[in-house]
Amino acid sequence: MTQRRRKLLEAMGYETANVHLSSATSNELSADLKARPDGWLKDASKEMAYGVLEDFESWRGIGK
């Protein structure tokens with residue numbers, strides 16, 4: 001992974017954490033993460049990527 005990509009992913013992680021600052025305590029968030037099954041983040045990322053691609057294809061079709 002390039003340094004630029006690493007920095008981008010780190011910045012995205014910080015922004016995601018900012019969203020959760022007022023939603024739960026650190027103990028609650030830690031408990032939630034520990035309760036999740038292995039591979040949950042990879043699975044969720046794939047699902048999100050497919051959703052973004054579907055949205056893009058829909059958007060692209062509007063102008064035709």
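Just so you know, residue 1 is the first one in the sequence shown, and it goes up from there.
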- Message: Can you confirm whether more than 12 heavy atoms, excluding those of E47, are under 6.0 Å from its CD atom?
- Response: no
- Message: So for atom CG, which belongs to D38, do other residues, nucleotides or ligands contribute more than 12 heavy atoms lying within a distance under 6.0 Å?
- Response: no
- Item | Nearest-0.5 Å distance that lies between atom CE in M12 and atom CZ in R5 | 12.0 Å
- Task: Determine the minimum heavy-atom distance between E28 and T25, stating which atoms define it.
- Result: OE1-N, 2.8 Å
- How many angstroms lie between atom CE of M48 and atom CG of L41, to the nearest 0.5 angstrom? 12.5 Å
- Item | Test log, rule salt bridge (Lys or Arg N to Asp or Glu O under 4.0 Å), inputs R60 and E57 | CA-CA 5 Å; R60 228 171 63 161; E57 290 300 326; 3.6 Å; yes
- Task: Count the heavy atoms belonging to other residues, nucleotides or ligands that lie under 6.0 Å from CZ of R36, then report whether that count exceeds 12.
- Result: yes
